[in-house]
Visitor: 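Here you go, one structure.
Counting from 1, the numbers follow the sequence of the chain as shown. Quantities reported herein were computed from a predicted structural model and do not represent experimental measurements.
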Amino acid sequence: MLKYVLRRFVYMVITLWVIITATFFLMKLLPGNPFGEAAAKMPPENLAILKAQYGLDKPEWQQYLKYLGNVVKGDLGVSYQFPTRTVVEVIKQSFPASLELGIESLALSVIVGLTLGIIAALRHNKWQDYSSMFIALIGISIPSFVVAPLLSLYVGNKWGILPPGLWEGPENRILPAIALAFGTIAILARMMRASMLEVASLDYIKTAKSKGLATGKIVVSHMLRNAILPIVTILGPIAVNVITGTLVVESVFVIPGLGYQFVSSITTLDYTMITGLTIFYAAILIVVMFLTDIVYGLVDPRIRMSGRR
């Protein structure tokens, strides 16, 4: 298991380095000026001083080596549009809201999605199955940027059941968590149903039933462990998607998250902010996938053995 973990860790570091390198040089290909329209009106001498201040007067390979060294130290640079704010400061200020919303929506997605999938599989071709899959179909068909305004408008404003926005008390978290989890619930429910039905048709399940084991014991001890494997595989990307949040959900419910900062940096060509936030998002995804691989290896030892061979 230790060799398996070390090998995955090396892959993680190499992947992150490739992403940092690709992001850095792709930023250099973007048209426009990172200092905004004001830079076009500056005298050449002032512009040269400004470029020297940010190290843009040096060759790209020197800029890259310096930036790579700073990233290793945890320094993602200073924003071009807001020189008094570093990228790390922006992440520290904005990411907690996105993280909290993401964790809440992920927990809601896993609990509701897996429950619906299990019920649908155990009551195959019955009304419970049809009802669960109908809910899943709605979740897949309606994106979050439609669900979020509808929840805010009707549940929040017209019916007054929950706050329509802002990021204050616990009650303010419910609607955005539901909006963000809506599609994920549908995906998990459909996958869990399909996986449970596949496992239910295997010989060892039929043997367990023929021995007279209780349905609950068969489901918990024999079906869930094998049926959950495909779910564990996709939980990594899903977790990153909901933890990082979405711009629309954060905008509709006025959540001070990181999604707004990311899109704003792209529109203003804030190179350091774009690169820093991209690296941050990528690091989250890679770490989560690394942990997913470890969990997958613990759940199914065959993964470790095949990797060793």
Visitor: Quick one: do Glu168 and Asn172 satisfy side-chain contact (heavy atoms from CB on, under 4.5 Å)? Show the steps, please.
Guide: CA-CA 6 Å; Glu168 297 173 349; Asn172 294 84; 3.8 Å; yes
Visitor: Identify the two heavy atoms, one from Val90 and one from Met273, that lie closest to each other, and give their separation to 0.1 Å.
Guide: CG2-CE, 3.6 Å
Visitor: Taking the side chain as C-beta and beyond, is there a heavy-atom pair between Pro143 and Val146 under 4.5 Å?
Guide: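 Touching, per the 4.5 Å side-chain cut-off.
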Visitor: Determine whether Val287 and Val71 fall in the same hydrophobic cluster, where Ile, Leu, Val, Met, Phe, Trp and Tyr are linked whenever their side-chain heavy atoms lie under 4.5 Å apart.
Guide: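 As far as the 4.5 Å side-chain criterion goes, Val71 and Val287 are connected within one cluster.
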Visitor: Check the hydrophobic clustering (I, L, V, M, F, W, Y; side-chain heavy atoms under 4.5 Å; chains of links allowed) and say if Phe25 and Trp61 are grouped together.
Guide: yes
Visitor: Looking at Ala186 and Ala136, what are the two nearest heavy atoms and their distance?
Guide: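 That would be CB-O, 3.0 Å.
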Visitor: Minimum heavy-atom separation for Ala181 and Leu108, please, with both atom names.
Guide: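 Taking Ala181 first and Leu108 second, the nearest heavy atoms are CB-CD2, 4.0 Å.
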Visitor: Work out which heavy atom in Ala179 is nearest to a heavy atom in Ser144; give both atom names and the distance.
Guide: O-CB, 3.6 Å
Visitor: To the nearest 0.5 Å, what is the distance between CZ on Arg193 and CD on Glu198?
Guide: 12.5 Å
Visitor: Spell out, yes or no, whether Leu197 and Ile135 are grouped together once hydrophobic residues are joined by side-chain heavy atoms under 4.5 Å, including indirect joins.
Guide: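 Unlinked, Leu197 and Ile135 end up in two clusters.
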Visitor: Is any side-chain heavy atom of Arg190 closer than 4.5 Å to a side-chain heavy atom of Leu116?
Guide: no
Visitor: What distance do Leu26 atom CG and Tyr271 atom OH have between them, rounded to the nearest 0.5 Å?
Guide: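 With rounding to 0.5 Å, CG (Leu26) is 11.5 Å from OH (Tyr271).
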Visitor: Quick one: closest heavy-atom pair of Tyr64 and Thr21, and the distance?
Guide: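 For Tyr64 versus Thr21, the nearest heavy atoms are OH-OG1, 2.7 Å.
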Visitor: What is the distance from atom OG of Ser105 to atom CD1 of Ile238, rounded to the nearest 0.5 Å?
Guide: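 Separation between the atoms: 11.0 Å.
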Visitor: Look up atom CD1 in Ile14 and atom CD1 in Ile286, then write down how far apart they are to the nearest 0.5 Å.
Guide: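 Here the rounded value is 11.0 Å.
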Visitor: Give every donor-acceptor pair under 3.5 Å between a side-chain atom in residues 150-162 and any protein atom, sequence neighbours left out.
Guide:
from, atom 1, to, atom 2, distance (Å)
Ser152, OG, Pro164, O, 2.9
Asn157, ND2, Ser152, O, 3.3

Visitor: Under 3.5 Å, is there a donor-acceptor pair between the Asp129 and Ser131 side chains?
Guide: no
Visitor: Apply side-chain contact (heavy atoms from CB on, under 4.5 Å) to residues Leu76 and Asn70 and explain how you reach the verdict.
Guide: CA-CA 7 Å; Leu76 297 177; Asn70 291 336; over 6 Å; no
Visitor: If two hydrophobic side chains count as joined below 4.5 Å and joins carry through other members, does Ile20 share a cluster with Met12?
Guide: yes
Visitor: Closer than 3.5 angstrom, by distance alone: can the side chain of Glu89 be matched with the main-chain N or O of Thr86 as a donor-acceptor pair?
Guide: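 Yes, Glu89 side chain to Thr86 backbone: donor-acceptor pair under 3.5 Å.
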Visitor: Would you name the heavy atoms of Trp167 and Pro256 that are closest together and state the gap between them?
Guide: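 Residues Trp167 and Pro256, closest heavy atoms: CB-CD, 3.7 Å.
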Visitor: Can you confirm whether more than 12 heavy atoms, excluding those of Arg85, are under 6.0 Å from its CZ atom?
Guide: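 Enclosed: over 12 neighbouring heavy atoms sit under 6.0 Å from CZ of Arg85.
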Visitor: Looking only at atom types and distance, does a side-chain atom of Ser195 sit under 3.5 Å from a main-chain N or O of Met191, one as donor and one as acceptor?
Guide: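 Pair absent, no side-chain N/O of Ser195 close to backbone of Met191.
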Visitor: When you measure from the side chain of Glu171 to the backbone N and O of Pro163, does any donor-acceptor pair fall under 3.5 Å?
Guide: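 Pair absent, no side-chain N/O of Glu171 close to backbone of Pro163.
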Visitor: What distance do Leu188 atom CG and Ile111 atom CD1 have between them, rounded to the nearest 0.5 Å?
Guide: 11.5 Å
Visitor: Between the main-chain N or O of Leu258 and the side-chain N or O of Ser98, is there a donor-acceptor pair closer than 3.5 Å?
Guide: yes
Visitor: Do the side chains of Leu68 and Phe24 join up, straight or via other hydrophobic residues, at under 4.5 Å, putting them in one cluster?
Guide: yes
Visitor: For the atom pair CE (Met192) and OG (Ser132), what is the distance rounded to the nearest 0.5 Å?
Guide: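 Reported to 0.5 Å precision, the distance equals 12.5 Å.
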Visitor: Using side-chain heavy atoms (C-beta onward) and a distance below 4.5 Å, is Val147 in contact with Val249?
Guide: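 The answer is no; the side chains never approach within 4.5 Å.
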Visitor: Indicate, with yes or no, if the rings of Phe280 and Phe95 have centres closer together than 6.0 Å.
Guide: yes
Visitor: List the steps and the verdict of side-chain contact (heavy atoms from CB on, under 4.5 Å) for Phe253 and Leu175.
Guide: CA-CA 8 Å; Phe253 294 101; Leu175 290 184; 3.6 Å; yes
